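Reading through the structure tokens given below for one structure.
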There are 2 protein chains.
Amino acid sequence: MAGQQERSRGGRRRASHSMESVLAEAVALLDEAGAPALTFRALAQRLGGGVASIYWYVASKDELLDRATDHVMAAALADIEALPHSDDPIDDLRAMALTLFDTIVKRPWLGAYFMRNTDVQGNALRVYERLGEQTLRLDLTARQRFHAVSAVVGVVVGSAVDLGQEPPQEILDGAVNREEFLGRYAAAWRELDSADFPFVHEIIDEFDGHDDIDQFRAALDLTLTGLRLQAEA
Amino acid sequence: MAGQQERSRGGRRRASHSMESVLAEAVALLDEAGAPALTFRALAQRLGGGVASIYWYVASKDELLDRATDHVMAAALADIEALPHSDDPIDDLRAMALTLFDTIVKRPWLGAYFMRNTDVQGNALRVYERLGEQTLRLDLTARQRFHAVSAVVGVVVGSAVDLGQEPPQEILDGAVNREEFLGRYAAAWRELDSADFPFVHEIIDEFDGHDDIDQFRAALDLTLTGLRLQAEA
DNA sequence: ACCTGAACACCGTTCAAGT
DNA sequence: ACCTGAACACCGTTCAAGT
């Protein structure tokens, strides 16, 4: 409970919030049960007040989610700024992207809002800036730099979306773990005719039990080697 | 109106649907006014029947969206399969990815469902297969192939999400066009201290008025050059 | 300045009943 | 086999009123 209660002489209560407590409780709700759990009613209950109060702090649910996202991005930004710098800007870029990935792994609900709307998301803008600064150390045109950072952010967002989708209720319920879930897909794929689906059969064993971070690293590395080549050209 | 009306002797009507008409109308609704416009009530009205009828065809809204997505993927798959083959698998991969991008540009609402849940999305699986088959022509391990296709799909999905987000109501209303919208952001960025945000300032002019397809092409090319290097190693 | 209760206009989903 | 109306249990958002 982040809200405070004021007891006036009549014995009536009046909750008292703050932007900080609203966002902290919103994030807590999202962390505990994902995006569908964040409703104004649930949030108001946690804050110990009425639904309408929240509208004093945010104009809409969209803004609430934007601000909640930026709230957790503060920590990601701090992690990124705490990273040691190497003499290779591309290695630094990779380390930053991995830090971002880590943020999403811990909070899959970020998928839908991550790194968008830098209007409200001041920390996201700063993260964008830090990524971009690494490209300033590379021999590229402004346009290439713009595209490079977009590409890196794209890889991260792509993973964010994937992770945000992943838990199809059964996993959240604990009824099925990730391994079984992947295995079920793999089993369905194995039923496909291998003449019609040679590629699917080629990669079934890789898919079965794969780790998201490997997939992310591989995608990131392809982009970064492409970038390195571009900078050296 | 895709539903048909049967007139029985009492003069009462009874709508008659089909999976095909349900999906066609769902897609029409999505095309006309985006994801929020697709409600069971709106869809039922278009079909000329009751809300509950739709549940005979799909078990949930999620499934409806999955099937609607796969419905439009049929055309994308056909486009991809109609593509001429070159002797360079990476060029073919690029052409396929561009075809996918084109599908999303025409239907930004795809952002949230594109290429996920191949369970229900049979056409998405076939697209995945076609992309993957190009990697079979490259000298790679199964794992590298798996990661390569994931990366390419990731770039496309990343763009899909971006495009799906884009129209912030004002643009849909026609109150503001894309150029003005970008310009407003750019103007806000120009206000930032250039000592604190050197990168943002470096790329403002690139951002202002940029074209999404250039961004997509650039990200795709970085991934594909990375892939080419990997295959040649 | 900040909070409240109650209402409004929606949602997806279910179900017993109809044809 | 397929469709229906009406109900249920929610939503986000607004607003006049309170402190």
Side-chain angles (χ1 to χ4, degrees), chain A residues 1-26 29-30 33-68 109 112-113 120 168-169, chain B residues 1-26 29-30 33-68 109 112-113 120 168-169:
Chain A
M1 295 299 128
Q4 298 180 333
Q5 305 278 341
E6 241 178 54
R7 172 159 248 129
S8 66
R9 47 257 124 209
R12 301 172 95 277
R13 282 138 199 274
R14 201 176 138 93
S16 160
H17 312 140
S18 67
M19 188 76 244
E20 174 58 32
S21 65
V22 168
L23 295 183
E25 291 302 316
L29 223 29
L30 289 163
L38 181 59
T39 66
F40 279 83
R41 284 167 175 83
L43 182 54
Q45 193 172 2
R46 276 184 92 108
L47 290 164
V51 241
S53 325
I54 301 163
Y55 282 91
W56 201 86
Y57 296 93
V58 295
S60 68
K61 187 167 185 187
D62 245 41
E63 192 188 320
L64 175 62
L65 274 158
D66 268 336
R67 289 200 191 277
W109 56 266
Y113 285 85
V120 191
Q169 203 54 33
Chain B
M1 295 295 131
Q4 297 180 333
Q5 306 277 341
E6 242 179 53
R7 170 158 250 130
S8 67
R9 48 256 123 213
R12 302 173 93 279
R13 282 136 199 273
R14 202 176 138 92
S16 160
H17 312 140
S18 67
M19 188 76 242
E20 174 58 31
S21 65
V22 168
L23 295 183
E25 290 303 316
L29 223 29
L30 289 163
L38 180 59
T39 66
F40 278 82
R41 284 167 175 83
L43 182 53
Q45 193 173 2
R46 277 184 93 107
L47 290 163
V51 239
S53 325
I54 302 163
Y55 282 91
W56 201 87
Y57 296 93
V58 294
S60 67
K61 188 168 185 187
D62 245 41
E63 192 188 320
L64 176 62
L65 274 158
D66 268 335
R67 289 199 191 278
W109 55 266
Y113 286 85
V120 191
Q169 203 54 35

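Below, chain A is the first sequence line, B the second, and so on; all start at residue 1. Just so we're clear, the structure is a prediction, and the values are computed from it rather than from any experiment.
Closest approach of B/Leu43 to B/Ala26, counting heavy atoms only: CD1-N, 3.7 Å. Of all non-hydrogen atoms in A/Ala37 and A/Ala42, the two that sit nearest each other are O-CB, 3.7 Å.
Distance from the side chain of B/Ala52 is smallest for D/dT4 among the nucleotides D/dG12, C/dC11, D/dT4. Considering only side-chain atoms of B/Lys61, the nucleotide from C/dT13, D/dT13, C/dT4 that sits closest is C/dT13.
Note: OH (A/Tyr55) to P (C/dT4) measures 15 Å, nearest angstrom. We find that CE of B/Met19 is positioned 12 Å from P of D/dC2, with the value rounded to whole Å. Following rounding to the nearest Å, B/Gln45 (CD) and C/dC10 (C1') show an atom-to-atom distance of 14 Å. Counting to the nearest Å, the C1' atom of D/dC2 and the CD1 atom of B/Ile54 are 14 Å from each other. C/dA7 atom C1' lies 11 Å from atom CZ of A/Arg41, rounded to whole Å. Atom pair B/Leu65:CG and C/dT13:P shows a separation of 10 Å (rounding to whole Å applied). Rounded to whole Å, the distance from CG on A/Leu47 to P on C/dG5 is 14 Å. In this structure, B/His17 places its NE2 atom 14 Å from C1' of D/dA1, rounding to the nearest Å.
Between B/Val51 and B/Ser18, the one whose closest nucleotide on DNA chain D sits nearer the 5' end is B/Ser18.
The shortest side-chain heavy-atom distance between A/Glu25 and A/His17 does not fall under the 4.5 Å cut-off. A heavy-atom distance below 4.5 Å is found between the side chains of B/Tyr113 and B/Asp62. A/Val58 has its side chain out of reach of A/Val22: every pair of non-hydrogen atoms, C-beta onward, lies at least 4.5 Å apart.
Nucleotide C/dT19 has D/dA1 as its partner under the Watson-Crick or G-U criteria, with both atom distances under 3.5 Å. C/dT14: Watson-Crick or G-U partner is D/dA6, with both key distances under 3.5 Å.
Across all strands, A/Leu38 comes closer than 4.0 Å only to sugar-phosphate atoms, never to a base (heavy-atom distances).
Dashed line: the shortest gap from a side-chain N or O of A/Tyr57 to OP1 or OP2 of C/dC3 is under 4.0 Å. For C/dT4, one of the phosphate oxygens OP1 or OP2 lies less than 4.0 angstrom from a side-chain nitrogen or oxygen of A/Ser53.
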